[in-house]
Amino acid sequence: MERTRIAVAGASGLIGSALVRSLTADGHEVVRLVRHAPRSEAEVRWDPERGQVDAAGLAGCSAVVNLAGAGVGDHRWTDAYKRRIHDSRVHGTAALAKAVAALDERPRVFVNGSAMGYYGETGERVVDESAPAGRGFLPELCVEWEAAAEPARAAGVRTALTRTGLVVARGGGAWGRLFPLFRAGLGGRMGDGRQYWSYIALHDEVAAIRHLLDRDDLSGPFNLTAPEPLTNREITAAMGRVLHRPTLLQVPAPVLRTVLGEMAGDVLGSARVVPKRLLESGFTFAFPGIEDALRAA
């Protein structure tokens, strides 16, 4: 990809900050969307919950990447927090997509975040991008979230949707919480451990996004997950091997439901999601296996 100007929403998050580092290291000019008054030409003001964005700041960008959204695992899912999760994604995406569509000189590509939560509970069934949406809060959110990007696509901007799995990283996300527990010898399987977890190394997540930015023939939904999902039991065992700690403990399902509330369904649910379209496009994973991903983190 030639050096260019790229706008990134959610640039301070786990994936966004890693993407910005990668793009900047390769000489790209990165414009960050921020909620405060811009401090430089490298910042553009927006308010995702209110659906507001300073579209003039996007002028000259060849690509716009939207990774913004309130953390799904940051708080218990009260009605108020679920509204925040929804509004930060759906309203923010709609505002960006409309801003992109309204530009006189539109960007080449709009990459919009989504999540493997689109598929809901899949049990042992393997699902790729052709599978329908599931039912429940997260699947319904993802459907609305992806639909909010439609103005950009309708205006002729190539639009790619990233249905991201559980990102294996030391500094945030699910593994940001798991690593300290396992290092302390307090790790163990969750529930019966038979539920599938579809994961992806942070390095591969960033590489996949850049792959979608670079390839002019790629649009629509892409599962950003490692090729072979594993059960929670298998991942727990791998964590023990990599960190050299026992993993004999088990967190019973009723305890998780008491502590996490509705969000426990996401932890105990099974999502066996595979990246069919990403692999078909020629993308190569640097850390396809769980132990490689864990060591990379």
Side-chain angles (χ1 to χ4, degrees), residues 12-22 25 71-76 115-117 121-124 126 164-209 223-260 263-275 278-279 283-297:
S12 62
L14 172 65
I15 300 170
S17 58
L19 176 64
V20 168
R21 287 195 299 271
S22 175
V72 172
D74 290 354
H75 298 274
R76 191 180 180 89
M116 69 174 184
E121 170 69 46
T122 74
E124 296 188 357
V126 177
T164 295
L166 298 169
V167 178
V168 184
R170 182 178 61 187
W175 261 272
R177 299 184 178 194
L178 289 177
F179 275 127
L181 288 175
F182 276 79
R183 285 198 189 97
L186 300 175
R189 70 183 188 273
M190 298 182 183
D192 61 18
R194 291 182 292 185
Q195 69 273 29
Y196 278 88
W197 280 16
S198 297
Y199 63 90
I200 185 169
L202 179 60
H203 174 95
D204 286 329
E205 173 77 12
V206 171
I209 293 173
N223 294 335
L224 269 55
T225 58
E228 295 186 13
L230 297 174
T231 64
N232 175 256
R233 185 189 298 267
E234 292 169 323
I235 288 174
T236 295
M239 290 279 284
R241 291 192 297 271
V242 170
L243 296 175
H244 306 292
R245 293 290 187 275
T247 57
L248 301 178
L249 299 178
Q250 176 190 7
V251 184
V255 173
L256 281 171
R257 293 191 181 97
T258 298
V259 173
L260 300 179
M263 189 171 63
D266 195 39
V267 173
L268 296 169
S270 184
R272 197 175 185 181
V273 180
V274 296
L278 197 59
L279 292 173
F283 180 79
T284 301
F285 285 82
F287 305 102
I290 187 61
E291 292 198 20
D292 292 334
L294 290 170
R295 289 193 175 95

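When reading the values below, keep in mind they use all heavy atoms of this one structure, side chains included, and skip hydrogens, waters and symmetry mates.
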Flag the pair [X] / [Y] as yes when at least one side-chain heavy-atom distance between them is below 4.5 Å, and no otherwise.
| X | Y | result |
| --- | --- | --- |
| Val168 | Leu294 | yes |
| Arg295 | Val242 | yes |
| Leu178 | Met239 | yes |

Contact summary for [X] and [Y], nearest pair of heavy atoms:
| X | Y | result |
| --- | --- | --- |
| Pro288 | Ala226 | O-CB, 3.6 Å |
| Asn232 | Met190 | OD1-N, 2.7 Å |
| Ala293 | Tyr199 | CB-CE1, 4.4 Å |
| Leu249 | Gly185 | CD1-O, 4.1 Å |
| Leu166 | Met116 | CG-CE, 3.9 Å |

Quick check on Arg194: does its CZ atom have over 12 non-hydrogen neighbours (other residues, nucleotides or ligands) under 6.0 Å away?
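It does not: Arg194 CZ has 12 such atoms or fewer within range.
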
What is the distance from atom [atom1] of [X] to atom [atom2] of [Y], rounded to the nearest 0.5 Å?
| X | Y | atom1 | atom2 | result |
| --- | --- | --- | --- | --- |
| Ser17 | Leu202 | OG | CG | 7.5 Å |
| Ser198 | Leu224 | OG | CG | 12.0 Å |
| Glu228 | Tyr196 | CD | OH | 10.0 Å |
| Thr164 | Ile209 | OG1 | CD1 | 6.0 Å |
| Ile200 | Leu278 | CD1 | CG | 7.0 Å |
| Ser270 | Glu124 | OG | CD | 7.0 Å |

Is [X] reaching over with its side chain to a backbone N or O of [Y], donor-acceptor style, under 3.5 angstrom?
| X | Y | answer |
| --- | --- | --- |
| Gln250 | Gly191 | yes |
| Asn223 | Val274 | yes |
| Arg233 | Asp192 | yes |
| Gln195 | Trp197 | no |
| Asp204 | Phe285 | no |

Scan for side-chain hydrogen bond (donor to acceptor under 3.5 Å, both in side chains) pairs involving residues 235-244, sequence neighbours excluded, and state none if there are none.
Arg241-Glu291

With Glu205, the side chain to side chain contact (heavy atoms under 4.5 Å, CB included) member among Ile15, Leu14, Thr225, Leu19:
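The single option meeting the side chain to side chain contact (heavy atoms under 4.5 Å, CB included) with Glu205 is Ile15.
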
Within 45° of the six-membered ring axis of Phe182 and under 6.0 Å from that ring's centre, is NZ or CZ of Arg245 located there?
no

